[in-house]
Each structure stands twice: as structure tokens, then as C-alpha cells.
Amino acid sequence: MLGPVILAASRSDKMRRIVSAAPVTKPVVNRFIPGETVDQVIPIVEDLTRNGLEVTLDVVGEDITAVEQSYAARDAYLQLIGRLAALGLGEKAEMSVKLSMFGQALEGGHELALANVRPVVEAAAAIGTTVTLDAEDHTTLDSMFAIHEELRKDFPQTGCVIQAYLFRTEADARRLADAGSRVRIVKGAYKEPAEVAYQDKAEIDKAYVRILKILMDGEGYPMIGSHDPRLIAIGQELARKAGRKLDEYEFQMLYGIRSEEHLRLAAEGHRMRVYTAYGTDWYGYFMRRLAEKPANLLFFVRSMITKN
């Protein structure tokens, strides 16, 4: 039952100070969060794209408490888009955003988040790329989907994320699997109650496959967010059965995890996108990666040793 403990630690200022100060932390974090600034992450993007990969960029830092911070988040993404434009990377790099970072949890947060994210989506479209709205805990999803629907009126390529462990997600997938949609499916990264989410790993995996089949059989563009070799193989088979070409879906994995698999899939002709987070507020993002599956702690340590 380490998951809830790790999630609680992700919100603790005391634990943040302890973990951040630990000598072992920085090498681990650097492996999975390759920079704190745009200047540090751009060379990573250039390297990944030279190797046939695509990228989605996440400026970490969603735990905000003031409106001014939401404006700063917006401006950070606009700065990123400006740098991508200058380097001609628009077609290879998109953005992932958490609406909580744009003020969703503040007073009047739904309207604030929409107002902040719209110029980011507009700027992304102007350089030939797009934005995907990340899913957060289940209490935020109705707002996220409503903002997604509103943005798609002007920017139909705007993507969103669905989480396989939530009971609601099969219905969400059916609604979203229309022509022109872009939907990333993940297992889910938040501690959700049994009233709304599967708790058993096997049940989550079964739900993932059911939902992925809905997306593959639909008219949209599925994005398979998983490092699980079995789910990757199932995704390939579902795509084949649905008659999809290699450019009609993609795989997505986190930066620093199974890097050789990224290259293998790309070499086979698959679209392979690397989810790359950067920024100074890395602590919450890093701890949630551990909380998704506490065994990831061992996996991260093993990854440092094997460099795979």
C-alpha cells in the first residue's frame, strides 16, 4: 500500500525538502526530467527528433495557489512554443498541459483555465503543432472535457487524456472516438476511491484493452501511453485488426524509461512520442511517477544501472 503514502509525500513540503536535499535524488531526477529551463530541454528535443522520435513537452508545476502563477504557466508554454518555432520543430513536438497549472482549482477556475490555455493552443496551431490536455484526478475531469470540447471548436486537433482505471472511461472513449479526435490512453496516476476506479491491476489492464479497442475501432487518432510490453503488443494487434496504417496511431512513453524500446518502435516505422517533462517544480511529477506503481521505485533504480 505504498501508493497512497507516496502520493501523500508528494504534497508534503517537509518531504519535498528532504527528498530534494538527498544526494541520491538529483542523479535519479535528471535521468527522467532532463532540465529545468527551456534552454536545457531544447537540445534534448533536437536529439530525440534526430533519432526519429517525436516529443510531447510538459512544463511541470501544477500545484499553484495564486492567479499570478497561472499566468506564469501560460507564459512558460508560450515561451516554449516560440523556441520550437525558431528551430522548426513544430511538426515534431507538441505540448501536454495540466489545467490545474492554468488555475483550474482556483476560484472561477474553469473559466480561468480556459482563458489561459486558449492562447497556448492558438500559438501551437500557428507553428503546426497542438496541445494535449492531461487528465488529473476524477473530480477535475468534467471541467477538462468541457474545456477540451470548447477548444476543439476552433482547434479540432486538440487532444485529451483518458485513464483506464476509471469506471467512466469506456463511455468517455466512445464519445471521444470521432473523426479528428486525438486521445491518449493511460492506466492512471492518481489514488482514486473504489467507488470510481478499479483497484486491481488485472482489472485495470483488462479495461485498458477494452478502451483501446474502442479507440482503434473509432475514427479518431489513438495515442497508446504505456511501457507495458504486453499492452504495446496488444495495441499493435488491435491496430492491425482495425486496418490502421502506421501513421494512424502512435505510442507514447516517458523520457528516460525503456529508451531502447522507443528507438525500436520508431525503427519499425511506428510513430513514437516521448513524454518529456521539465521545470523547477519537478518534485510532484516525480513522486506521482512512483505512486502510479510503487515498484517503479525499483524500476527507476534499475534503469539508472542498465541505461535502458
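Heavy atoms only: backbone and side chains are in, while hydrogens, waters and symmetry mates are out.
Across every non-hydrogen atom of His262 and Val274, the tightest pair is ND1-CG2, 3.7 Å. When all heavy atoms of Pro222 and Met216 are compared, the pair lying nearest together is CG-SD, 3.9 Å. Residues Tyr190 and Gln163 come closest through the heavy atom pair CD1-OE1, 3.9 Å. The two residues Ala266 and Gly52 have their closest heavy-atom pair at CB-O, 3.8 Å. Summarising the geometry of Val60 relative to Gly279, their closest heavy-atom pair is CG2-CA, 3.9 Å, with the distance given to 0.1 Å. Ile214 approaches Glu170 most closely through the heavy-atom pair CD1-O, 4.0 Å.
One hydrophobic cluster, built from ILVMFWY side chains closer than 4.5 Å, cannot hold both Val161 and Leu176; they sit in different ones. Both Leu215 and Val209 are members of a single hydrophobic cluster when ILVMFWY side chains are connected at heavy-atom separations under 4.5 Å. Taken together through direct or relayed side-chain contacts under 4.5 Å among Ile, Leu, Val, Met, Phe, Trp and Tyr, Ile211 and Tyr221 form parts of separate hydrophobic clusters. Met223 and Met144 sit in two unconnected hydrophobic clusters of ILVMFWY residues. Membership requires side-chain heavy atoms under 4.5 Å apart, directly or through other members. Using a 4.5 Å cut-off between side-chain heavy atoms of Ile, Leu, Val, Met, Phe, Trp and Tyr, with links allowed through other members, Ile185 and Val131 fall into the same hydrophobic cluster.
Of the possible polar contacts, none joining the Thr169 side chain to the Ala164 backbone as a donor-acceptor pair under 3.5 Å is found. The backbone N or O of Leu254 lies less than 3.5 Å from a partner atom in the side chain of His227, making a donor-acceptor pair.
Annotation: salt bridge (Lys or Arg N to Asp or Glu O under 4.0 Å) contacts involving residues 217-232, sequence neighbours excluded, comprise Lys187-Asp228, Asp205-Arg230, Lys213-Asp217. Within the structure, every pair that satisfies the salt bridge (Lys or Arg N to Asp or Glu O under 4.0 Å) test and touches residues 244-256, not counting sequence neighbours, is listed here: Glu250-Arg273.
To the nearest 0.5 Å, atoms CD1 (Ile42) and OH (Tyr278) are separated by 7.0 Å. Going from atom CG of Asp142 over to atom NE2 of His138 covers 9.5 Å, rounded to the nearest 0.5 Å. To the nearest 0.5 Å, atoms OH (Tyr198) and CG (Leu166) are separated by 10.0 Å. Annotation: the span from Asn116 atom CG to Tyr77 atom OH amounts to 12.0 Å, rounded to 0.5 Å. Separating the CD atom in Glu111 from the CD1 atom in Ile147 is a distance of 8.0 Å, to the nearest 0.5 Å. In this structure, the separation between OG1 on Thr276 and CD1 on Ile44 is 8.0 Å, given to the nearest 0.5 Å.
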* To do: Apply the test side chain to side chain contact (heavy atoms under 4.5 Å, CB included) to residues Arg175 and Phe145: give CA-CA distance (whole Å), side-chain angles for both, the deciding distance (0.1 Å), then the verdict.
  => CA-CA 11 Å; Arg175 175 176 55 80; Phe145 286 131; 3.6 Å; yes
* To do: Please lay out, stage by stage, how Ile232 and His270 fare under the test side chain to side chain contact (heavy atoms under 4.5 Å, CB included).
  => CA-CA 11 Å; Ile232 291 169; His270 292 285; over 6 Å; no
* **Tyr255 and Leu48: CA distance, side-chain angles, deciding distance, side chain to side chain contact (heavy atoms under 4.5 Å, CB included) verdict** => CA-CA 10 Å; Tyr255 178 87; Leu48 290 170; 4.2 Å; yes
* **Stepwise side chain to side chain contact (heavy atoms under 4.5 Å, CB included) check, Arg118 with Glu150** => CA-CA 10 Å; Arg118 183 179 289 278; Glu150 183 64 27; 3.6 Å; yes
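Proximity of Thr132 to Val183: side-chain heavy atoms (C-beta onward) are nowhere separated by under 4.5 Å. Residues Val59 and Val97 form no side-chain contact, since every pair of their non-hydrogen atoms from C-beta on lies 4.5 Å or further apart. Side chains of Asp137 and Glu192 form a contact here, defined as non-hydrogen atoms less than 4.5 Å apart. A 4.5 Å side-chain heavy-atom check between Leu114 and Leu151 finds at least one atom pair inside the cut-off. Residues Leu84 and Thr129 have side chains not in contact (no heavy-atom distance under 4.5 Å, counting atoms from C-beta outward). The shortest side-chain heavy-atom distance between Val196 and Arg168 does not fall under the 4.5 Å cut-off. Residues Leu265 and Arg258 form no side-chain contact, since every pair of their non-hydrogen atoms from C-beta on lies 4.5 Å or further apart. For the pair Glu94 and Gln157, the minimum side-chain heavy-atom distance is 4.5 Å or more.
Residue Gln199 places its CD atom among more than 12 non-hydrogen atoms of other residues, nucleotides or ligands, all under 6.0 Å distant. By the 6.0 Å contact criterion, CD on Glu107 is open, its count of non-hydrogen atoms from other residues, nucleotides or ligands being 12 or less. Counting non-hydrogen atoms of neighbouring residues, nucleotides and ligands closer than 6.0 angstrom, the CD atom of Glu237 exceeds 12 such neighbours.
The pair Arg50-Glu46 does not count as a salt bridge, with every side-chain nitrogen at least 4.0 angstrom from each carboxylate oxygen.
A cation-pi arrangement, defined by a distance under 6.0 Å to the six-membered ring centre and an angle within 45 degrees of its axis, is absent between Arg184 and Tyr275.
For the residue pair Thr56/Gln252, the side-chain donor-acceptor check at 3.5 Å is not satisfied.
Listed by chain and residue number, nothing satisfies the ring-ring contact (aromatic ring centres under 6.0 Å, His included) test with Phe155 (two or more places apart in sequence, or in another chain).
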